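Presented below is the structure to which this report refers.
Just so it is clear, the model here is predicted, and its values are computed rather than measured.
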Amino acid sequence: MGQGQVGRGVLAEGITRAPDSPLLHQEMGRFLWEDGDGVRALEHFVKALAADASLVLARRYMALIYSAQGQHGQALAAYAELAQLQPQDASVHVSMGIVHSQLGDLAAAEKVFKQALELGGAGGDAALKLGGLYMHQRRLRAAVKVFKEAVESHESNAELHAALGDVYRQLGVLRAALEAGEQAVALEPERALWRYHLANTY
């Protein structure tokens, strides 16, 4: 209803009455995170998990906060625990791969991005990250293979088509780059970035 302050007040009163309630601490942490107060949010997520270690949402937020604070080791530990709680969730592996990339451990990032692909790819996210990693390493043909397979599984993902077009353009395969770029624009004509990629191909 747009009355965030009232909502936080209700949660604060609830925590006063039930200081060990994991869900109240989780929701207070979420409110604080959305307000940009990661430090206080983390305190509530820690309390929530101390009371109920199975709270997936609280652990996800903790991992995000640790990552934003540059505490990569703790972020990886939180994502590893999430992976145990939700072993079939590809998005957890994508997040782990991003942290490994931030640490410069590209081999570990590649490994977990591939695991995410095996788990379904998180709607194309895993392919985007793995293909992007290969492009960063100038392994362009490997990137083409990843993006090409991904667009077959996620035909409506404009970003995948744009990425495929971009790597084709860098390889000089301009007809294929043009087709992929036009497909991205057709799927999301309002996205200026896809038009920019297409203009580069032209």
Side-chain angles (χ1 to χ4, degrees), residues 1-134 136-137 150 154 157 159:
M1 295 174 66
Q3 300 182 50
Q5 193 63 36
V6 176
R8 281 188 292 277
V10 172
L11 283 173
E13 182 179 346
I15 290 171
T16 299
R17 297 184 180 189
D20 297 325
S21 169
L23 290 178
L24 288 175
H25 282 293
Q26 176 177 272
E27 285 305 294
M28 181 61 87
R30 186 176 63 83
F31 268 114
L32 291 167
W33 165 252
E34 291 172 357
D35 277 350
D37 191 345
V39 174
R40 289 177 61 208
L42 189 59
E43 293 174 358
H44 284 282
F45 291 134
V46 168
K47 290 178 181 177
L49 288 169
D52 184 354
S54 69
L55 289 177
V56 170
L57 185 61
R59 205 171 293 281
R60 281 185 182 275
Y61 275 112
M62 279 184 67
L64 283 172
I65 293 170
Y66 284 137
S67 185
Q69 292 177 344
Q71 299 182 59
H72 297 114
Q74 289 170 290
L76 285 174
Y79 282 127
E81 290 168 345
L82 268 176
Q84 290 182 341
L85 291 169
Q86 296 185 308
Q88 300 304 311
D89 190 338
S91 67
V92 175
H93 289 81
V94 171
S95 297
M96 289 175 69
I98 291 170
V99 177
H100 282 303
S101 297
Q102 292 169 342
L103 285 168
D105 191 346
L106 301 187
E110 180 181 1
K111 180 180 177 180
V112 291
F113 287 149
K114 285 182 175 179
Q115 290 172 343
L117 278 177
E118 292 171 2
L119 291 171
D125 242 11
L128 285 166
K129 296 299 185 295
L130 181 59
L133 176 65
Y134 287 150
H136 173 73
Q137 296 174 318
H154 308 283
N157 190 317
E159 189 172 1

Which residue pairs pass the ring-ring contact (aromatic ring centres under 6.0 Å, His included) test with at least one member in residues 82-112, sequence neighbours excluded? none
Can you name the residues that form a side-chain hydrogen bond (donor to acceptor under 3.5 Å, both in side chains) with His25, not counting sequence neighbours? His44
Can you run down the salt bridge (charged side-chain N to carboxylate O under 4.0 Å, His left out) pairs that involve residues 88-105, sequence neighbours left out, and say none if there aren't any? Arg60-Asp89
Sorted by chain and number, sequence neighbours left out, ring-ring contact (aromatic ring centres under 6.0 Å, His included) with Phe113 holds for none
Output every pair passing salt bridge (charged side-chain N to carboxylate O under 4.0 Å, His left out) with a member in residues 66-79, not counting sequence neighbours, ordered by first then second residue. none
Can you sort out the partners of Lys111 under side-chain hydrogen bond (donor to acceptor under 3.5 Å, both in side chains), two or more places apart, ordered by chain and number? none
Let me check something: any side-chain donor-acceptor pairs from residues 115-134 under 3.5 Å, sequence neighbours excluded? List them with distances.
residue: Tyr134; atom: OH; partner: Glu110; partner atom: OE2; Å: 2.7

Run the side-chain hydrogen bond (donor to acceptor under 3.5 Å, both in side chains) test against Arg59 and tell me which residues pass, sequence neighbours left out. Glu81
Pairs where residues 41-54 contributes a residue and the test salt bridge (charged side-chain N to carboxylate O under 4.0 Å, His left out) is met, not counting sequence neighbours: none
Pairs touching residues 14-23 that satisfy side-chain hydrogen bond (donor to acceptor under 3.5 Å, both in side chains), sequence neighbours left out: Glu13-Arg17
With a 3.5 Å cut-off and sequence neighbours excluded, list the donor-acceptor pairs that the side chains of residues 28-35 form with protein atoms.
residue: Arg30; atom: NE; partner: Glu27; partner atom: OE1; Å: 3.0
residue: Arg30; atom: NH1; partner: Glu34; partner atom: OE2; Å: 3.1
residue: Arg30; atom: NH2; partner: Glu27; partner atom: OE1; Å: 2.7
residue: Asp35; atom: OD2; partner: Arg8; partner atom: NH1; Å: 3.0

What residues form a side-chain hydrogen bond (donor to acceptor under 3.5 Å, both in side chains) with His72, not counting sequence neighbours? Gln102
